[in-house]
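Okay, structure first, notes after.
Heavy-atom basis, side chains included; hydrogens, waters and symmetry copies ignored. Residue numbers begin at 1 in each chain, while the letters A, B, ... track the order of the sequences.
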Protein chains: 2
Amino acid sequence: MQNKILQTLKERGYRMTKARQGIAGILSEAGAPLAAADILGPLDSRLRGDDIKKLRVNKTTVYRELEMLRAENLILEVDFGDAIKRYELADSKHHHHLICVGCTRVQDVEVDAPLAATERRLERQTSFKIERHALEFFGLCAQCRFPRR
Amino acid sequence: MQNKILQTLKERGYRMTKARQGIAGILSEAGAPLAAADILGPLDSRLRGDDIKKLRVNKTTVYRELEMLRAENLILEVDFGDAIKRYELADSKHHHHLICVGCTRVQDVEVDAPLAATERRLERQTSFKIERHALEFFGLCAQCRFPRR
DNA sequence: CATACTAACGCAACTCAGTTGCAATAGTCA
DNA sequence: TGACTATTGCAACTGAGTTGCGTTAGTATG
Ligand SMILES: [Mn+2]
Ligand SMILES: [Mn+2]
Ligand SMILES: [Zn+2]
Ligand SMILES: [Zn+2]
């Protein structure tokens, strides 16, 4: 049980099912935010040869599991502006993303001046209580800027 | 023809239809980004008594018109992270939004330190060419924080 | 004003991510 | 080894947005 998500879930009384282990495993190994479809497909192929052998999971299960993990604050919803929900582990430092509009390649990035000060000013000026912000950068990666001729 | 959008469209050779005039009018008067549904409903009620009398427009027309206006750079797509496309006039100064998660009330806001410098640094460090960014703040407005007791 | 050309429109059917109700299955614990 | 019920699978559904196609109505021209 080296998986952080699974360990936390167990501590909170969740059952250790095969689907759950497969989904948590894929999320933990992902290098970028994943959509339900990114988990559904790989579930039976990527896990082959792993300790979790072949595994077929229904899409409803994947959606429900993702929503549960988000509600448990174990993953964060990331919005790339394309009406598809994506998630990444919640244990990393707060950061933003650089998304290639050509190939959807994603890179984590940090912003120089944190937005905390701006948020406090906005709270003073607007009487809103700010809970969070979403900041993502869109552009073209090197591969998409200079397609192999 | 005091409407800026309509004037530009005419200059570019578009026809002046009733649906087009109604949609452009609603977008121009809106105080916050609008979704297709925000335009579909009001079209026949809000315009009553206006120079454009009663008007019923099909949803396909609204979606197509919005997409055309966006392609013509007359409106900008704004993403509130809820899988619904919203649009606002493109003629205003670049800004961001403060969105109430309780009632979807929206307020335009500006950020202290522009993100241009950050974008240039990211371009150097990542070899991406950045085209744009999306930054929105989410929280609770005064009305939603202190519900009328 | 009459006519023709075709942009724009309305309608119905479709797509696609995500959701829901419910019966069947399988972890967990005694 | 059960019993209890969380979790799953399935099918049907939702809702925003899209598409194909035949019809309507701006616009230009005479
Ligand atoms: Mn990330
Ligand atoms: Mn705005
Ligand atoms: Zn790319
Ligand atoms: Zn509110």
[X] [atom1] to [N] [atom2], straight-line distance once rounded to whole Å:
X	N	atom1	atom2	result
A:Y14	D:dT7	OH	P	7 Å
A:R12	C:dT28	CZ	P	17 Å
B:L34	D:dA16	CG	P	15 Å
A:L69	D:dT7	CG	P	11 Å
B:E72	C:dA8	CD	C1'	15 Å
A:E67	D:dT7	CD	C1'	16 Å
B:D38	D:dA16	CG	C1'	13 Å
A:R70	C:dT19	CZ	P	10 Å

Linked, directly or transitively: A:F137 and B:L135 (ILVMFWY side chains, under 4.5 Å):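 Same hydrophobic cluster.
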
Could I get a table of every N or O pair under 3.5 Å where one atom is in the protein and the other is in nucleotides 28-30 of chain D?
none

Any residue in residues 75-88 of chain B with a heavy atom nearer than 4.0 angstrom to DNA chain D? Just list them by number, or reply none.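 Those residues whose heavy atoms fall under 4.0 Å from DNA chain D, taken from residues 75-88 of chain B in numerical order, are B:A83, B:I84, B:K85.
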
Report the residues that fulfil salt bridge (Lys or Arg N to Asp or Glu O under 4.0 Å) with [X], sequence neighbours left out, ordered by chain and then residue number.
X	result
A:E65	A:R20
A:R145	none
B:R124	none
B:D82	B:R86

Rounding to 10 degrees, work out the angle separating the end axes of the helix from C:dC1-D:dG30 to C:dA30-D:dT1 (five pairs an end).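 For the helix from C:dC1-D:dG30 to C:dA30-D:dT1, the axes at either end differ by 30°.
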
Side-chain touch [X]/[Y], heavy atoms, less than 4.5 angstrom:
X	Y	answer
B:L27	B:L74	no
A:F80	A:V106	yes
A:Q143	A:C103	no
B:K4	B:L89	no

Let me check something: any side-chain donor-acceptor pairs from residues 127-134 of chain A under 3.5 Å, sequence neighbours excluded? List them with distances.
{"unit_1": "A:H133", "atom_1": "ND1", "unit_2": "A:E119", "atom_2": "OE2", "d": "2.6"}
{"unit_1": "A:H133", "atom_1": "NE2", "unit_2": "A:H94", "atom_2": "NE2", "d": "3.0"}
{"unit_1": "A:H133", "atom_1": "NE2", "unit_2": "A:H96", "atom_2": "NE2", "d": "3.2"}

Not counting sequence neighbours, which residues clear side-chain hydrogen bond (donor to acceptor under 3.5 Å, both in side chains) with A:N58? List them please.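 By the side-chain hydrogen bond (donor to acceptor under 3.5 Å, both in side chains) rule, A:N58 matches A:T60.
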
Mind checking side-chain hydrogen bond (donor to acceptor under 3.5 Å, both in side chains) for B:E123 and listing every partner two or more places apart, or none if nothing turns up?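 Checked B:E123 against side-chain hydrogen bond (donor to acceptor under 3.5 Å, both in side chains); zero matches.
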
Does A:Y63 put a side-chain nitrogen or oxygen below 4.0 Å from OP1 or OP2 of C:dT19?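 For C:dT19, neither OP1 nor OP2 has a side-chain N or O of A:Y63 closer than 4.0 Å.
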
Quick one: ring-ring contact (aromatic ring centres under 6.0 Å, His included) pairs with a partner in residues 15-39 of chain A, sequence neighbours left out?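 Checked against ring-ring contact (aromatic ring centres under 6.0 Å, His included) - neighbours excluded - no pair reaches residues 15-39 of chain A.
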
Each nucleotide N or O in nucleotides 9-11 of chain C that has a protein N or O under 3.5 Å away: list the pair and distance.
{"unit_1": "C:dC9", "atom_1": "OP1", "unit_2": "B:T17", "atom_2": "OG1", "d": "2.8"}
{"unit_1": "C:dG10", "atom_1": "OP1", "unit_2": "B:R56", "atom_2": "O", "d": "3.3"}
{"unit_1": "C:dG10", "atom_1": "OP2", "unit_2": "B:N58", "atom_2": "N", "d": "3.1"}
{"unit_1": "C:dG10", "atom_1": "OP2", "unit_2": "B:T61", "atom_2": "OG1", "d": "2.4"}
{"unit_1": "C:dG10", "atom_1": "N7", "unit_2": "B:R64", "atom_2": "NH2", "d": "3.2"}
{"unit_1": "C:dG10", "atom_1": "O6", "unit_2": "B:R64", "atom_2": "NH2", "d": "2.7"}
{"unit_1": "C:dC11", "atom_1": "N4", "unit_2": "B:T60", "atom_2": "OG1", "d": "3.4"}

When only distance counts, do a donor and an acceptor, one from the side chain of B:R15 and one from the base of C:dA8, lie under 3.5 Å apart?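 Side chain to base: no pair below 3.5 Å.
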
Under-4.0 Å salt bridge between B:E67 and B:R70: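 Salt bridge flag = yes for B:R70 with B:E67.
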
